[in-house]
2 protein chains.
Amino acid sequence: MADVAAKAGVSRALVSIIFRGQPGASQETRERVLRVADEIGYRPDGAARLLARGRSRTLGVMFTVHQTFHTDLIEGIYPEAERLGYDVLLSGATKGRSESQAVEALLSHRCEAVILLGPDSEPAYLDELGRRTVAVSVSRRVPQAHVDFVHSAEGKGVRQAMEHLLELGHRRIVHIDGGRGPGSSERRRAYRAAMRRHGLESELRVIPGDHTEESGIEAGRLLLAERDQGHPLPTAVLAGNDRCAWGLLMALTRAGVDVPRDMSVVGYDDSHLAHLMPIGLTTVRQDAILMAEHAVRFAVERLENDALEPREAVLDPKLVVRGSSGPAPEASA
Amino acid sequence: MADVAAKAGVSRALVSIIFRGQPGASQETRERVLRVADEIGYRPDGAARLLARGRSRTLGVMFTVHQTFHTDLIEGIYPEAERLGYDVLLSGATKGRSESQAVEALLSHRCEAVILLGPDSEPAYLDELGRRTVAVSVSRRVPQAHVDFVHSAEGKGVRQAMEHLLELGHRRIVHIDGGRGPGSSERRRAYRAAMRRHGLESELRVIPGDHTEESGIEAGRLLLAERDQGHPLPTAVLAGNDRCAWGLLMALTRAGVDVPRDMSVVGYDDSHLAHLMPIGLTTVRQDAILMAEHAVRFAVERLENDALEPREAVLDPKLVVRGSSGPAPEASA
DNA sequence: GTACTCGTCTAGAGCGCTCTAGTAGAGCGC
DNA sequence: GCGCTCTACTAGAGCGCTCTAGACGAGTAC
């Protein structure tokens, strides 16, 4: 920078002004400085800039590498952050890399806030994190923690899905739950409530699972094994999320069970996966773009006004009916 | 830091030494300083450290958000980088965010090197990037550019796949190519060569595609439409990658075509997707972990010895036979 | 005793920027 | 000619660390 200033015959301060695109330099000087900088191959140093500025204007995003819905969310985070003048840094949690490691990496790179996509850490850790910095949790409710929270109204979503199945004449509706996955407990609760409300308490059944394809495959195997022992298949399954629904669909297709003729399957998320199934997946749409935008805005607003208390945004999910759901076999028989 | 030093009754320099875990402080003082720091809630500032140190020991990774093979690679990058004492920062390219934007973000956060997963930028840009900093390209060969290159021997992989299909009696083998996708031209060439070598020039056919599920679905539709007009289906398809194979499988299943009875499908990558198909996908395995490790090592080695010229690593791919390939219909008929 | 070394610790420069306060000079009204 | 404002620019402190050079005392060798 000093070299540029010297060669262009101006002060370092002016070079700084020009590189920040601030007013206070004549057009003429501006061009000259930029030209000289280009010749020398000068590019401003981020770390020094950060240090001097005191602010990084960078948001960190923690996500789980293989979670497809997260990549949908990330697609929404970038443009909104850019619009608000923030940079985005990603840090993935993987099998060998815990969420807290991923978060610490972001923090040590001076992210001013962290957006956590479906975090699975201890509430105590999240609370501490939320007090140390600005944190936003997407999908995962953390009751007592000092973090913003963006999610969709899981209950409403499940209710719509259940109404849909019930209208199609389904009674034996099983739920594969999402285990400790974000939103799972709410979905599970809503499923139970819906079954009870319709007097189907005796049919109520929750198969433990999680938010992966494997758990869908697993549940499929279980159901098929039961069928082979003479128990009837459920006529419909409400899966914990799209990936789980997908795994289930795979297992069923493999075994020659026709969806939706023999069984209806409903997912949750409407991730881009949902379009890519042999039959389109009927699923509850969470608007990833909208959720991402809310998360970014929460973070930025709280960054810009630290008196703000953490808030909660609840978005309305919407059932999307595609090919994987149809009339119940008994009803049509 | 000054506060910690004052409260612990030592100099700032000593606090620095202790926080870097360097020798030169007594056990006693060390404990006292750490305790005080903890009380105050002090954590070292990354930007300042970076600035003073001159090195960030951080690797940047540019990837494409929805590319599943990339997430497999990322899983391998983290542990290897950690082993070598480097941090990792991720930056995704999406529809609205170009590769160069993603890379610039990494650079401005002081990454010392960038690892590009299947980059699709202009060779000229990559070359310039490779001269400006240490760059490693994974999967995408960039002939003249000053970058390291890690890939698997596409030719060998395709050859294995073709031998496998030919042994099963297939003759009408179509290739859906990966368009401009990384490795595509090599795979296409190897497919053509294999067909010619076996005197199947007349059956040679390449359907243009890319590395997404959509292109597989698209190709499937095309083939099915042709069948409906009286043209026979190919007996086997070699897809550009797993995602494409998956899309094709979806389209076929939907239309009632039985894989592998009516048609065999072979993918490429052996991403974690491959296990999750109704029938396991026969595919060419690229060892993501190994590729990731090579990429990280290339970057680090060149960072630590800048006299090093860019190198190339070629890994051997390996055909994995699963359920999506079987004897050719004609052969069994 | 002197001359070493060794372990522990400190002073202070410097990393490459930003930002506040301020200067110099031009233009303008009266 | 005076004071005023406005534009274009500069000096220099400071961001929070690291790192070099060196101080200080205790131990060891002769």
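Note that the coordinates shown come from a computational prediction; the quantities given were computed from them, not determined experimentally. Order of the sequence lines sets the chain letters (A, B, ...), proteins ahead of strands, with each chain counted from 1. No hydrogens, no waters, no symmetry mates; every other heavy atom, side chains included, goes into these values.
- Contacts between residues 6-16 of chain A and DNA chain C, defined by a heavy-atom separation below 4.0 Å, involve A:Arg12, A:Ala13, A:Ser16, listed by number.
- B:Arg12 meets the salt bridge (Lys or Arg N to Asp or Glu O under 4.0 Å) test with no other residue; sequence neighbours excluded.
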Side-chain donor-acceptor pairs under 3.5 Å in residues 68-77 of chain B, sequence neighbours left out?
residue: B:His70; atom: ND1; partner: B:Thr64; partner atom: N; Å: 3.0
residue: B:Thr71; atom: OG1; partner: A:His66; partner atom: ND1; Å: 3.3
residue: B:Thr71; atom: OG1; partner: B:Thr68; partner atom: O; Å: 2.6
residue: B:Asp72; atom: OD1; partner: B:His272; partner atom: ND1; Å: 2.9
residue: B:Asp72; atom: OD2; partner: B:His272; partner atom: N; Å: 3.2
residue: B:Glu75; atom: OE1; partner: A:His66; partner atom: NE2; Å: 3.4

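- Looking at residues two or more places apart in sequence or on another chain, you find no salt bridge (Lys or Arg N to Asp or Glu O under 4.0 Å) involving A:Glu82.
- Residues meeting the side-chain hydrogen bond (donor to acceptor under 3.5 Å, both in side chains) test with A:Asn241, sequence neighbours left out: none.
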Report task. List the steps, then state whether side-chain hydrogen bond (donor to acceptor under 3.5 Å, both in side chains) holds for A:Ser184 with A:Arg180. Result -> CA-CA 7 Å; A:Ser184 302; A:Arg180 310 180 13 77; over 6 Å; no
Query - Which nucleotides of DNA chain C pair, in dot-bracket form (Watson-Crick or G-U under 3.5 Å, | meaning another strand) - result: ||||||||||||||||||||||||||||||
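- Atom CD of B:Glu104 is separated from atom CG of A:Asp87 by 11.0 Å, given to the nearest 0.5 angstrom.
- Nearest heavy atoms, B:Ser91 versus B:Ala102: OG-O, 2.9 Å.
- Looking at residues two or more places apart in sequence or on another chain, you find a side-chain hydrogen bond (donor to acceptor under 3.5 Å, both in side chains) between B:Ser100 and B:Ser98.
- By the side-chain hydrogen bond (donor to acceptor under 3.5 Å, both in side chains) test, A:Glu154 is found to be paired with A:Arg187, A:Tyr268, residues two or more places apart in sequence or in another chain being considered.
- Listed by first then second residue, pairs satisfying ring-ring contact (aromatic ring centres under 6.0 Å, His included) with a partner in residues 106-125 of chain A number zero, not counting sequence neighbours.
- Map B:Arg53 and B:Ile17 each onto its nearest nucleotide of DNA chain C; the residue landing nearer the 5' end is B:Ile17.
- On the nucleic acid side, DNA chain C has its first and last nucleotide under 4.0 Å of a heavy atom of chain B at C:dT8 to C:dG16, going 5' to 3'.
- By the salt bridge (Lys or Arg N to Asp or Glu O under 4.0 Å) test, A:Arg311 is found to be paired with A:Glu301, residues two or more places apart in sequence or in another chain being considered.
- Only A:Gly24, A:Ala25, A:Ser26, A:Thr29, listed by number, bring a heavy atom of residues 20-34 of chain A to less than 4.0 angstrom from any atom of DNA chain D.
- Proximity of the aromatic rings of A:Phe19 and A:Tyr42 is defined here by a centroid distance below 6.0 angstrom, and this criterion is met.
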